*Asks:* 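Supplied in structure tokens, the structure appears directly below.
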Amino acid sequence: MEKNIDEAAQYVASLKVCAREKDLSTGSILHHKISKSGLLGKNLFLGSALVNMFVKCGELKKAQHVFDEFVDKNVVLWNSLLSGYALHGHNKEALACFEQMQRVSCLPNTVTYICILKACSSMRDLKKGQKIHSQIVNEGFLEKDTLMYSVLMDMYSKCKALDEVQELFNKIPVQSTDSWTALICAYVQCQCYEEALSSFEQMQQGGFSPNIATLTSIFKACGLLGCLEKGIEIHLHLVRIQWLEESIVASNALIDMYAKCGALSKAEEVFVKLPAPNLITWTELIAGCVNYGYGYDALIYSERLQLCGFSPDSVTYACILKACGNTEALERGKRIHARLVKDHALEEDPIIASSLINMYANCGALKNAQGVFGKLTTLDVVTWNVLIKGYVENGHHDLSFSCFKQMKEKGPLPNGTTVVCLLESCGVTGDLDKAEEVYAQVIRQNLLENDLLVGNSVVNVYVQCGDLQRAQEVFLALPAWNIISWNVLIAGYAEHGYSKISLYYYEQMKLAGFSPNTITIACTLKACGNILALDNGENIHAQVAKQVCIQSDDDMVINALVDMYARCGAHKRALQLHYQKPFQDATPWNAMISGCILHGQEEEAFNYFEQMQVQGYTPDEITFACILKACGSRGSVFKGQEIHSQVIQKGVSKLSMVVGTALVVMYSKCGMLMESQYLFDRLPIQDVVSWTALMTGYAAMGKDDTVLKIFDDMLLDGIHPNPVTFTAVLQVCRRRGLVQTAEYYFEIMRTSYQLDPDLEHYICMVDLYSASGHLDKAIALVRKVSDPTLCHTLLDACKKQGAAKIGSWSFQQM
DNA sequence: GTAGGGTTAG
């Protein structure tokens, strides 16, 4: 008997080694020997060790087989098997085991509960977890082992029941590193990163030092929050206590933190010091490069990892393919595709398939993207979304909607991402009907409920299509708002010329308890500038200083402030900001210059243009465009030519649209039609502004036939005229007495181009009618519009013709 | 002498 015990103890020791090293072959030999020795089925110590060895080697069937050999089982043997099922994610089997052992009256102990809770966690089965929790409490196991608290907290956090986690934490009689760690991990699990960091502070204040798991979670929180400073601080502490090398997991978390914060050189520093980076390490680096726009570096890493003997898995492939797409490395992408086909990876993994489609779409190779899509046997919603996004980004809006149609007919059902993509497409095309169709689907599937992005996208699409009424309706009906929802609406009103309404919603937003962010401030200041509301703008400036989440020296805020002050004519206030913190580039100077132009102070504009260059700022395209505008308004030909040669000196070999158009306008205003026409012919694209500038210029020279000819050419070119274009045309008609032609243009302006005539157009028509003897028509228009200026026009015409009665009528109208 | 958790990449 004595000998047997010795022998069994030796076997147990050897099996332990096999389990740790996952050495199945030695383990199997031992299994064989033990069977022959007759010890199997009798010695429970040996049985547990054997079951455990097979479990650790992933041989669950063999573990079950050994387990079955025992007639009398104790709790340790049950636990050995149960832990195996839980470890390998066979949660149903683990649960069955748990119930079975209780049926045969084997009482669970702490270890049993820990294992079964793990199964509940990975099944995210809150109900089952709660049931076991109360069983643990009833049987008094909570006090037996504080580990129980941590495990329960983990279960609840996996089931997203954060309240229960906090409640448990508060009940722990004596806190420890482990309990704090469980809390911090739970916060990270539930994406409450700020809470995780503040708990970490408290933990350290309480005198507990973090372990590997704490640090791993904290790094994750820092990375996802973008808290680089905090991350560096902890890293430095780790370096001091020389702790990091112990764990590849913690090192990977650290590298990922740096990569997520965009500190790629820091990530690389940690990486090169690692004794044994794994595939995850490499993948983190690749992902970091891809996400921060260093696609080529990502591809270099992807080659290096393969040279080091690693094969990419599906996550790595997703990153590499993204890098190919970002760098438009189509040929490399195709080679990877070929390899994936050879390895049958596409059927196995939907992520790889979607990444491949995405890569082709990003390279503009839609045929290839369709090819991959067409060969897939199972299409999930992600695959469809990737294809739809590809269509939208490549301008095939019709195709994206035919996908939408197919999804609605045959499934899978669209999700939030699908509709956001489609709404983006509507925003680009301005197709309100399609936007309505998508919105209807959003309502049908109740997609607004859990995803603010969807609601914000709907509001945004109506704003982009210019239907602010509808945007407001949808906004008011949203189940919840965030700061972005408000910004979309505030920006929308400001951009479409409803600045007062924009400012009204800014006030409403504050009343609703939201704090403005940088974007809000920029939009609101824009609105103030639009309506020259200096007081309002100053109030907002004062609020910026008080707002915690806004850096008052943020360039975006400063530029918006300068723009507002300059538009309102408060140049001194604008310039003060420059003396507080020097402008970062030409942008705020441009705002100063265009502010002057807006107020007819061209000399001032030239001054600032001078001043910025003296101070070492380089004018950009916008600066030149603004200053050329000033030249045009003043008719400063020489100054204009000087700027023109400065533009040429800057080495702008091809005329850019912005500067080119500004030059066309400037020369046209200065009456130099030859120059204007010459530059017009050399523009990369002739848009409505340059066409109109040319027409206005010729009209000013009295070249009426040329104006009408140019107008026809422009329409033939498919360019939509704007109100200024029609002003030029109608002025020519007035001068030439072309009543019918004018009536025709006045008509198509509304019917064909959806442009409401403004005062200028009415003045032309009234003047033309009264000068050509159509006083009845002139009166009809004056009645319809009832504007004092228009009455004046009629009065003047009557004076000239001595039509006293109508003259006095229009005088009364005034 | 046998059984046990929390952590990482898209």
Side-chain angles (χ1 to χ4, degrees), chain A residues 5-16 19 43-53 55-56 63 67 73-84 86-87 97 108-118 121-122 145-155 157-158 177-186 188-189 210-221 223 247-257 259-260 277-288 290-291 312-322 349-352 354-355 358 382:
Chain A
I5 290 171
D6 265 3
E7 199 185 350
Q10 270 172 18
Y11 278 132
V12 167
S14 311
L15 284 167
K16 245 181 142 173
N43 186 316
L44 280 162
F45 292 111
L46 245 184
S48 301
L50 255 178
V51 169
N52 188 44
M53 183 276 294
V55 158
K56 292 286 152 67
F67 175 87
K73 302 173 176 83
N74 68 0
V75 64
V76 178
L77 189 64
W78 276 103
N79 288 347
S80 303
L81 187 69
L82 178 54
S83 76
L87 183 68
C97 234
N109 66 9
T110 324
V111 177
T112 322
Y113 284 121
I114 288 168
C115 295
I116 200 62
L117 282 171
K118 185 180 171 156
S121 303
S122 56
D145 194 335
T146 45
L147 188 55
M148 217 60 246
Y149 282 100
S150 303
V151 180
L152 277 167
M153 283 161 75
D154 175 55
M155 183 275 291
S157 81
K158 291 258 165 63
T177 290
D178 280 348
S179 61
W180 278 106
T181 301
L183 183 70
I184 290 167
C185 293
V188 172
Q189 282 272 342
N211 62 21
I212 299 277
T214 333
L215 292 169
T216 308
S217 282
I218 285 300
F219 284 140
K220 186 176 182 181
S247 158
I248 181 69
V249 174
S251 305
N252 281 348
L254 178 63
I255 289 174
D256 189 50
M257 182 275 292
K260 283 220 165 65
N278 62 15
L279 183 61
I280 291 169
T281 329
W282 285 98
T283 308
E284 287 168 347
L285 288 170
I286 294 173
V290 173
N291 291 333
D313 70 359
S314 64
V315 180
T316 322
Y317 270 125
C319 296
I320 298 174
L321 288 167
K322 198 169 169 189
D349 197 322
I351 293 172
I352 291 188
S354 316
S355 303
N358 196 33
V382 179

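Please read these numbers as outputs of a predicted model, since none were measured by experiment. Proteins get letters first, then strands, A, B, ... in listed order; numbering begins at 1 in each. Side chains are part of it too, since the values below use all heavy atoms of this structure and drop only hydrogens, waters and symmetry mates.
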*Asks:* Less than 4.0 angstrom between a side-chain N/O of A/Lys260 and OP1 or OP2 of B/dG10, yes or no?
*Replies:* yes
*Asks:* With a non-hydrogen cut-off below 4.0 angstrom, is A/Ser83 in contact with a base, only sugar-phosphate, or nothing?
*Replies:* sugar-phosphate
*Asks:* Is any side-chain nitrogen or oxygen of A/Asn52 closer than 4.0 Å to OP1 or OP2 of B/dA3?
*Replies:* yes
*Asks:* Under the side-chain hydrogen bond (donor to acceptor under 3.5 Å, both in side chains) test, which residues partner A/Lys56, sequence neighbours left out?
*Replies:* A/Asn52
*Asks:* Using atom types as modelled and distance alone, determine if a side-chain donor or acceptor of A/Ser217 lies under 3.5 Å from a backbone N or O of A/Thr214.
*Replies:* no
*Asks:* Does anything in residues 145-154 of chain A pair up under side-chain hydrogen bond (donor to acceptor under 3.5 Å, both in side chains), and if so which pairs, sequence neighbours excluded?
*Replies:* A/Asp154-A/Lys158
*Asks:* Base, sugar-phosphate, or nothing for A/Thr112, non-hydrogen atoms under 4.0 angstrom?
*Replies:* nothing
*Asks:* How close or far is atom C1' of B/dG1 from atom CG of A/Leu46, stated in whole angstroms?
*Replies:* 10 Å
*Asks:* Nearest-Å distance, CG (A/Leu77) to C1' (B/dG4)?
*Replies:* 15 Å
*Asks:* Between C1' on B/dT2 and CD on A/Gln10, what's the gap in Å once rounded to a whole number?
*Replies:* 16 Å
*Asks:* A/Asp145 CG to B/dG4 P: how many Å, rounded?
*Replies:* 14 Å
*Asks:* Return no unless some side-chain N or O of A/Gln189 is found under 4.0 Å from OP1 or OP2 of B/dT7.
*Replies:* yes
*Asks:* Using a distance-only test with no angle check, is there a side-chain donor-acceptor pair under 3.5 angstrom linking A/Asn291 and A/Lys322?
*Replies:* yes
*Asks:* Students often get this wrong, so: under 4.0 angstrom with heavy atoms, is A/Thr110 touching a base, only sugar-phosphate, or nothing?
*Replies:* base
*Asks:* Does A/Lys220 put a side-chain nitrogen or oxygen below 4.0 Å from OP1 or OP2 of B/dG6?
*Replies:* no
*Asks:* Is the phosphate of B/dT2, meaning OP1 or OP2, less than 4.0 Å from a side-chain N or O of A/Lys56?
*Replies:* no
*Asks:* What integer distance in Å separates A/Trp180:CH2 from B/dG6:C1'?
*Replies:* 16 Å
